[in-house]
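Below: one structure, written as structure tokens.
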Amino acid sequence: MASFDDDYTVRTFTPALDDGVPDAATAGWLGATRIGFHENSSADNIRESAIGAIDDGRAFTGVYNRHPLPGTLDETWPVATYTGYTKTVNVGGGRLVDTYLISDVTVRPTHRRRGMLRHLMTERLAAAAAAGHALAALTASESTIYRRFGFGPATRKRTVVLHRETPFALLSQPTGRVELAPASAIAAVGPRVFARFHETTPGSVDRQGQYANLYNGLDYGTGKPDEHARAAIHVPAAGGEPDGYVVYSVKEEAGKSVLTIADLVAADSAAFLALWDFLGSVDLVDLVRWRKAPVEGPLLHALASSRSLETESEHDHVWLRILDAPAALSARPYPIDGTLTLKVHDKLGHADGTFRLEASDGAGHAVRVGESEPADLELDAATLATLYLGGVAVTVLAEAGLVVEHTAGALGLATRLFAADRPVHGMTDF
């Protein structure tokens, strides 16, 4: 049987434009991802994606068939794709950590079960670790793929629906002013408002270049004007620059008028509640749908009629991967003082070992210790990633059979140590 190297070649390159048009390698790579995700593969879509990728500083990796059959996609189209780039993740306490983001991972259906995904993930994760990244992150189309590579679900998001059968009202009076604005006007305020949200919200991932389309009232994928987009901004009672905004559209769905939120970002709870007061007041709307709601947030408790808010779905969002355990554990803040020794199992080796974490005065310091050192808790790398941001209690993970306690009281201590300072929430898709 021929080896992987006999049949395929792996290439990593920087996407590029030639006279404003993606070059052949870039166009073929992006076209392959559109096949994998069943997305629009128009020239406009490919060009906008190329521009966004260049802005982000992405590196494209593709697996290419050395011997494509006559009449099939030629050798410029990879049979598997992968891209990586660096953005920050808020790990709590306003600490933003450079993180290796992974996106557009595809394998053509005709070339599966040949080790391509494992080859791409292991080789690229090793390169990211060698480059000094303590964390990697991705969002997954399926929840069963990436745990074997050491990723664990660290944030979750909900789709919530507000029913308008009863009059909308909040239990407290919103402050500040909300005014309608052209969707294109969000470009002037959106990045600054998101930066404030990002700096104060654990679990938030910084946004990629293609969000500029959304800020400019354009379709996220094609860059063409979105005729359905509407927008509003919030200005605090004391005046000054906007501290919140919403982009939305209203369309008919199954005989109901549905207001769908494309983006809602608020720097604080005052702006958040005021924007929802506005959304609940838009006429001729039966439902308001938000697909990026936090699992734990103030909206439900702020409503006079809490039963008007329904959770339509909930699922994992950002998956983290610990590449350097001492660096990652030392990067985030801790609300209490304490010492904890963790024995971590990692089949890929990056976070494998025993580590002592000492937290004092809000900061942590972690070091690798000898394998003979007694461990307070034992877990695998994926579980360490899941508990890292504080989105789920360590005691809950232990009840799920994912954490073993060797020292009495260690589970309670770990739960308090890893508690988040604010509810964990991320709104960036990548």
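Here, residue 1 is the first one in the sequence, and each next residue gets the next number. Note that the coordinates shown come from a computational prediction; the quantities given were computed from them, not determined experimentally.
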Parallel, tilted or perpendicular: which describes the rings of Phe194 and His198, with under 30° parallel and over 60° perpendicular?
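Taking His198 first and then Phe194, their aromatic rings lie parallel (interplane angle under 30°).
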
Check: Phe418 ring centroid to Tyr334 ring centroid under 6.0 Å
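Ring centres of Tyr334 and Phe418 closer than 6.0 Å.
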
Answer yes if the ring centres of Trp29 and Phe60 are under 6.0 angstrom apart, and no otherwise.
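Centroid separation for Trp29 and Phe60: below 6.0 Å.
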
Just so I know, are the side chains of [X] and [Y] near enough to count as touching, which here means a heavy-atom distance under 4.5 Å?
X	Y	answer
Arg230	Val282	no
Leu279	Trp290	no
Leu259	Leu287	no
Lys251	His228	yes
Thr383	Val403	yes
Trp276	Leu264	yes
Glu199	Leu96	yes
Tyr82	Asp104	no

Return the [atom1] to [atom2] distance between [X] and [Y], rounded to the nearest 0.5 Å.
X	Y	atom1	atom2	value
Asp352	Asp346	CG	CG	6.0 Å
Arg416	Leu340	CZ	CG	10.5 Å
Leu299	Arg158	CG	CZ	11.5 Å
Leu30	Ile35	CG	CD1	11.5 Å
Gln208	Phe430	CD	CZ	8.0 Å
Ile51	Thr26	CD1	OG1	11.5 Å

Does any pair with a residue in residues 163-175 pass salt bridge (charged side-chain N to carboxylate O under 4.0 Å, His left out), and if so which ones, sequence neighbours excluded?
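Those involving residues 163-175 do not exist here.
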
Any donor-acceptor N/O pair, [X] side chain to [Y] backbone, under 3.5 Å:
X	Y	answer
Arg192	Ala188	yes
Asp268	Ala271	yes
His317	His425	no
Arg66	Tyr8	yes
Ser204	Asn90	no
Ser49	Ile46	no
Thr99	Val97	yes
Arg95	Ala331	yes
Thr415	Leu411	yes
Ser330	Pro326	yes

Passing option when Leu101 is tested against Thr86, Val205, Leu138 for side chain to side chain contact (heavy atoms under 4.5 Å, CB included)
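Looking at Thr86, Val205, Leu138, the match for Leu101 under the side chain to side chain contact (heavy atoms under 4.5 Å, CB included) is Val205.
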
Report the C-alpha distance between Arg124 and Thr12 in whole Å, list the side-chain angles of each, state the deciding distance to 0.1 Å, and finish with yes or no for side-chain contact (heavy atoms from CB on, under 4.5 Å).
CA-CA 10 Å; Arg124 291 287 86 198; Thr12 296; 4.1 Å; yes

Please check if atom [atom1] in [X] has more than 12 non-hydrogen atoms from other residues, nucleotides or ligands closer than 6.0 Å.
X	atom1	answer
Arg47	CZ	no
Glu296	CD	no
Leu284	CG	no

Decide yes or no on salt bridge (Lys or Arg N to Asp or Glu O under 4.0 Å) for Lys87 and Asp56, but give the supporting numbers first.
CA-CA 8 Å; Lys87 293 289 183 182; Asp56 291 332; 3.6 Å; yes

Taking every non-hydrogen atom, the tightest pair across [X] and [Y]:
X	Y	answer
Gly203	Leu389	CA-CD1, 3.8 Å
Val424	Ala154	CG1-O, 4.1 Å
Asp316	Ala140	OD1-O, 4.4 Å
Arg207	Tyr215	NH1-OH, 3.1 Å
Asn216	Ala212	ND2-O, 2.7 Å
Ala59	Thr83	O-OG1, 3.0 Å

Between [X] and [Y], does at least one N-O distance fall below 4.0 Å, as a salt bridge requires?
X	Y	result
Asp429	Lys157	yes
Glu314	Arg156	yes
Arg177	Glu179	yes

Does the salt bridge (Lys or Arg N to Asp or Glu O under 4.0 Å) test come out yes or no for Glu312 and Arg289, once each step is laid out?
CA-CA 9 Å; Glu312 197 170 70; Arg289 177 177 286 114; 3.1 Å; yes

Going by atom types alone, do [X] and [Y] pair a side-chain donor with an acceptor below 3.5 Å?
X	Y	answer
Glu48	Asn213	yes
Ser249	Thr260	no
His163	Asp286	no
Ser42	Asp44	no
Arg34	Asn45	yes
Asp7	His67	no

Report yes or no: is the cationic atom of Arg11 (NZ for Lys, CZ for Arg) under 6.0 Å from the centre of the six-membered ring of Tyr64, at an angle within 45° of the ring normal?
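So Arg11 does make the cation-pi contact.
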
Could you check Leu303 against Leu162 for side-chain contact (heavy atoms from CB on, under 4.5 Å), going step by step and ending with a plain yes or no?
CA-CA 10 Å; Leu303 292 170; Leu162 179 72; 4.0 Å; yes

Using the rule given for side-chain hydrogen bond (donor to acceptor under 3.5 Å, both in side chains), can you reason through Thr81 versus Thr33, listing the C-alpha separation, both sets of side-chain angles and the distance that settles it, and then say yes or no?
CA-CA 7 Å; Thr81 62; Thr33 67; 5.8 Å; no

Would Phe149 and Leu117 count as a side-chain contact (heavy atoms from CB on, under 4.5 Å) if you check the C-alpha gap in whole Å, the side-chain angles of each, and the deciding distance to 0.1 Å?
CA-CA 10 Å; Phe149 299 111; Leu117 176 61; 4.0 Å; yes

What verdict does the side-chain hydrogen bond (donor to acceptor under 3.5 Å, both in side chains) test give for Tyr100 and Arg321, after you've listed the backbone C-alpha separation in whole Å, the side-chain angles of each residue and the deciding distance to 0.1 Å?
CA-CA 9 Å; Tyr100 180 68; Arg321 209 305 177 187; over 6 Å; no

